Amino acid sequence: MSLHIIDEAKRCLHCKKPQCAKGCPINTNIPEMIKMLLKGEIREAGDMLFSNNPLSLLCSFVCNHEKQCEGHCVLSRKGQSVHISTIENYISNYFLNFPIQKYTGERKEKIAIIGSGPAGLTISIILAQRGYDITIFESRERIGGVLRYGIPEFRLPKTALEKYTDKLLELGIKIRPNTVIGHGGLVIDDLFRDGYKAIFIGTGVWKPNSLGIKGESLGNVHFAINYLKNPDVYHLGQSVIIIGAGNAAMDVARTVVRKGVRDITVFFIMGEEQLTASKSEVAYAIVEGIKFEYFKSPVEITDRGVVFSDTRLIQKVDGSVWYENIENTTQLYEADSVIVSISQGPRNYIVATTEGLHTDQKGLIVADGAGRTTREGIFASGDVVSGAKTVVEAVNYSKKVADSMEQYVISLRHGKKGKGV
Ligand SMILES: Cc1cc2nc3c(=O)[nH]c(=O)nc-3n(C[C@H](O)[C@H](O)[C@H](O)COP(=O)(O)OP(=O)(O)OC[C@H]3O[C@@H](n4cnc5c(N)ncnc54)[C@H](O)[C@@H]3O)c2cc1C
């Protein structure tokens with residue numbers, strides 16, 4: 001394995017104007033990482049990656065590399081880009097076996113982090129390393145958010161998340177699992193009362209979007225995000241229809257096949273060209289035996305399966321492509337179970353119990369680029385602000401928010417008042 005990594009690193013052309021780094025949303029210094037590895041400076045390389053992106057190890061598993069660093073590598077033009085993600089994975093995994101940089105002075109102000117997904121983890125690590133007294137409030141048993149309760153084990157081994165749990169504890173971060181803020185027990189104002197100087201909300205999007213069609217409440221229908229939380233408790237039968245074709249739908253399909261179901265079909269309202277799932281995820285799904293049906297729009301779900309109408313593409317006035325149903329084309333496609341995977345929106349537990357926290361028409365928390373919400377002292381980033389996006393985008397946004405939270409707390413320390421957006 002390590003020999004392969006080094007061979008891979010040696011394939012790097014050390015371009016004068018490296019394109020790989022340009023493709024990385026968090027500007028990972030890929031050429032430097034490769035140089036350091038080849039010089040035998042693995043820990044230093046790991047340190048550099050971690051300082052730029054505390055979730056480097058996790059991103060090396062789940063980023064869409066084909067569109068990002070590897071897709072931009074000049075060698076990709078010949079279809080042979082350097083396997084940057086594997087190199088990053090090797091270095092970051094190795095690095096996390098050692099103690100990370102830790103603040104040794106007296107603890108600074110208390111900061112509350114609500115949610116331990118990529119956004120909350122990033123801010124917790126950065127601010128703890130700067131000496132702040134961090135407590136994470138997490139509604140589930142374990143940390144990780146979608147990384148643990150959405151992305152399946154075969155794409156992201158949970159041992160990687162255990163390394164992060166160890167790092168959080170090593171940094172002196174306190175974790176309150178099974179604690180839902182705003183829904184029984186504690187609300188945000190309790191945290192201010194108890195001395196937290198700034199509060200971060202990184203609660204993600206966990207409310208499944210529904211189709212709004214007849215039959216959606218039947219016993220054979222499930223939502224993707226709920227299914228992925230714990231697939232073992234579901235009894236799906238022999239055949240499954242998945243409605244939707246994003247990356248979450250691919251995760252569902254590929255999990256269902258691993259649970260023993262052999263007849264799985266993904267239905268999508270548009271064509272192959274409009275698929276939102278990454279090409280590699282679709283390719284894996286196909287080799288794993290999952291079938292795809294295109295140009296099908298669900299009109300009703302029954303105990304026997306789903307009635308779909310055929311669709312065709314139309315061009316909207318803004319030039320984008322959408323679809324419309326074709327009349328008199330409905331047909332029942334039989335299946336034992338149906339899983340609806342058409343993205344998620346935010347829950348409103350916190351905004352419903354917190355004055356002055358504004359949301360947009362989708363229920364997403366209104367915050368500026370520095371994470372400042374409409375209520376002073378409360379910050380937010382990740383999916384709960386930007387809608388369902390990606391891990392690396394949540395980390396990148398949250399790095400800026402960590403800085404602005406620190407500036408805010410320092411301004412309080414000096415008696416200045418901050419302000420929201
Ligand atoms: C199935 C699936 C697969 C995905 N695959 C990829 C992928 O391969 N690559 C990629 O880059 N992105 C992927 N994404 C998207 C990515 O995971 C998200 O963009 C990212 O996790 C957002 O991070 P976050 O911290 O904002 O939210 P989350 O990861 O959703 O974390 C929010 C956390 O807050 C907790 N929480 C919620 N409400 C409360 C409350 N009231 N009190 C306390 N805690 C609370 C939740 O339990 C959770 O732990 C995927 C998403 C899904 C759904």
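By convention here, the first residue in the shown sequence is residue 1. Quick caveat: nothing in here was measured; it's all calculated off a predicted structure. Counting starts at 1 for both ligands and their atoms, following the listed order.
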A.B. asks: Has the side chain of Glu138 got a donor or acceptor atom that lies under 3.5 Å from a matching backbone atom of Ile175?
C.D. replies: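 No, because the side chain of Glu138 does not come within donor-acceptor range (under 3.5 Å) of the backbone of Ile175.
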
A.B. asks: What is the nearest protein non-hydrogen atom to atom 44 (N) of ligand 1, stated with its residue, atom name and distance?
C.D. replies: Ser139 N, 3.1 Å

A.B. asks: Provide, to 0.1 Å, the distance between atom 42 (N) of ligand 1 and the closest protein heavy atom, together with that atom's residue and name.
C.D. replies: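 Of every protein heavy atom, Ile181 N, 3.0 Å lies nearest to atom 42 (N) of ligand 1.
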
A.B. asks: Measure the CZ-CG distance between Phe61 and Leu55 for me, rounded to the nearest 0.5 Å.
C.D. replies: 12.5 Å

A.B. asks: Output the list of atoms in ligand 1 that are nearer than 4.0 Å to some heavy atom of Ile225, sorted by atom number.
C.D. replies: 53 (C)

A.B. asks: Which of the numbered atoms in ligand 1 are under 4.0 angstrom from any heavy atom belonging to Asp383?
C.D. replies: 18 (C), 19 (O), 20 (C), 22 (C), 26 (O)

A.B. asks: Within the structure provided, determine whether Ser210 and Phe223 are in side-chain contact (heavy-atom separation under 4.5 Å).
C.D. replies: yes

A.B. asks: What atoms in ligand 1 come closer than 4.0 Å to a heavy atom of Gly382?
C.D. replies: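 In order of numbering, the contacting atoms are 26 (O).
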
A.B. asks: Tell me which part of Gln344 gets within contact of ligand 1: side chain, backbone, both or neither, using heavy atoms under 4.0 Å.
C.D. replies: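 Near ligand 1, Gln344 shows its side chain, while the N, CA, C and O stay back.
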
A.B. asks: Is the contact between Leu147 and ligand 1 made by the side chain, the backbone, both, or neither, using heavy atoms and a 4.0 Å cut-off?
C.D. replies: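 Leu147 to ligand 1: no contact under 4.0 Å from either part.
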
A.B. asks: How far is atom 23 (O) of ligand 1 from the closest protein heavy atom, and which atom is that?
C.D. replies: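 The answer is Pro118 CD, 3.2 Å.
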
A.B. asks: Is there a side-chain contact (heavy atoms from CB on, under 4.5 Å) between Ser398 and Lys400? Walk through the geometry before answering.
C.D. replies: CA-CA 5 Å; Ser398 302; Lys400 297 181 192 104; over 6 Å; no

A.B. asks: Is any N or O atom of Ala388, backbone or side chain, closer than 3.5 Å to an N or O atom of ligand 1?
C.D. replies: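 In this structure, Ala388 places no N or O atom under 3.5 Å from an N or O of ligand 1.
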
A.B. asks: Would Glu109 and Arg413 pass as an ion pair if we require N to O under 4.0 Å?
C.D. replies: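 Here Glu109 pairs with Arg413 in a salt bridge, since their nearest N and O are under 4.0 Å apart.
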
A.B. asks: Just to be sure I'm reading this right: ignoring hydrogens, which of Glu141, Arg142, Arg155 gets closest to atom 5 (N) of ligand 1? Compare them by their nearest heavy atoms.
C.D. replies: Arg155

A.B. asks: Taking 4.0 angstrom as the limit, do Asp383 and Lys389 come out as a salt bridge?
C.D. replies: no

A.B. asks: Give me the nearest non-hydrogen protein atom to atom 13 (C) of ligand 1 as residue plus atom name, then the distance to 0.1 Å.
C.D. replies: Ile151 CD1, 4.2 Å

A.B. asks: Among all protein non-hydrogen atoms, which one is nearest to atom 37 (C) of ligand 1, and what is the separation to 0.1 Å?
C.D. replies: Thr203 O, 3.3 Å

A.B. asks: Number the atoms of ligand 1 from 1 as they appear, then name those within less than 4.0 Å of a heavy atom of Leu228, with their elements.
C.D. replies: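 The atoms of ligand 1 under 4.0 Å from a heavy atom of Leu228 are 1 (C).
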
A.B. asks: Check ligand 1 against Phe137 and write out every atom of the ligand that is under 4.0 Å from a heavy-atom position of the residue.
C.D. replies: 43 (C), 44 (N)

A.B. asks: With atoms numbered from 1 as shown, which atoms in ligand 1 lie under 4.0 angstrom from a non-hydrogen atom of Ile114?
C.D. replies: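 Per the distance check, 42 (N), 43 (C).
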
A.B. asks: Using distance alone, decide if ligand 1 has a nitrogen or oxygen within less than 3.5 Å of any nitrogen or oxygen in Val62.
C.D. replies: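 Yes; at least one N/O pair falls below 3.5 Å.
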
A.B. asks: Taking the six-membered ring for Trp, are His183 and Tyr349 parallel (under 30°), tilted (30 to 60°) or perpendicular (over 60°)?
C.D. replies: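 Correct class here is parallel.
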
A.B. asks: Flag this pair as yes if the NZ/CZ of Arg140 is under 6.0 angstrom from the six-membered ring centre of Tyr149 and inside a 45 degree cone about the axis; otherwise no.
C.D. replies: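 Positive - Arg140 is close enough to the ring of Tyr149 and near enough to its axis.
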
A.B. asks: Taking the basic N atoms (NZ, or NE/NH1/NH2) and the acidic carboxylate oxygens, is any pair closer than 4.0 Å for Arg148 and Glu162?
C.D. replies: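 Yes.
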
A.B. asks: Of Glu406, Lys108, Lys197, which is the lone residue that meets side-chain hydrogen bond (donor to acceptor under 3.5 Å, both in side chains) with Tyr132?
C.D. replies: Glu406

A.B. asks: Quick check on Gly202 - does any of its heavy atoms sit under 4.0 Å from an atom of ligand 1?
C.D. replies: yes

A.B. asks: Between Asn325 and Ser297, is a side chain to side chain donor-acceptor pair (under 3.5 Å) present by the stated rule, with each step listed?
C.D. replies: CA-CA 7 Å; Asn325 289 359; Ser297 160; 3.2 Å; yes

A.B. asks: How far does CD1 of Ile123 sit from CG of Asp403, to the nearest 0.5 angstrom?
C.D. replies: 9.5 Å

A.B. asks: Can you pull out the closest protein heavy atom to atom 15 (C) of ligand 1? Residue, atom name and distance to 0.1 Å, please.
C.D. replies: Lys389 O, 3.1 Å

A.B. asks: Hey, which atoms in ligand 1 end up nearer than 4.0 Å to a heavy atom of Asp251?
C.D. replies: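 What qualifies from ligand 1 is 1 (C), 2 (C), 3 (C).
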
A.B. asks: Check if Asn247 has a non-hydrogen atom at a distance under 4.0 Å from any atom of ligand 1.
C.D. replies: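 False for this residue.
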
A.B. asks: Got a second to check how far Thr265's OG1 is from Ile242's CD1, nearest 0.5 Å?
C.D. replies: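 Output value for this atom pair is 8.5 Å.
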
A.B. asks: Is Tyr349 in polar range of ligand 1, meaning some N or O pair under 3.5 Å apart?
C.D. replies: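 It does not: no N or O of Tyr349 is found under 3.5 Å from an N or O of ligand 1.
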
A.B. asks: Measure Trp206 to ligand 1 on non-hydrogen atoms and call it side chain, backbone, both or neither using the 4.0 Å cut-off.
C.D. replies: side chain

A.B. asks: List ligand 1 atoms under 4.0 Å from Gly204, heavy atoms only on the residue side.
C.D. replies: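 Numbered from 1, ligand 1 contributes 27 (O), 30 (O), 32 (C).
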
A.B. asks: Quick test: of every protein heavy atom, which one is nearest to atom 52 (C) of ligand 1, and how far off is it to 0.1 Å?
C.D. replies: Val146 CG1, 3.5 Å

A.B. asks: Ligand 1 and Cys63, any nitrogen or oxygen pair closer than 3.5 angstrom?
C.D. replies: no

A.B. asks: Which residue holds the protein heavy atom closest to atom 35 (C) of ligand 1, what is that atom called, and what is the gap in Å?
C.D. replies: Glu138 OE1, 3.4 Å

A.B. asks: Check the orientation of Phe50 and Tyr164. Use parallel for under 30°, tilted for 30 to 60°, and perpendicular for over 60°.
C.D. replies: parallel

A.B. asks: Give a yes/no verdict on a cation-pi contact between Arg254 and Phe154, requiring under 6.0 Å between NZ or CZ and the six-membered ring centre and an angle within 45° of the axis.
C.D. replies: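 Verdict for Phe154: no cation-pi partner in Arg254.
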
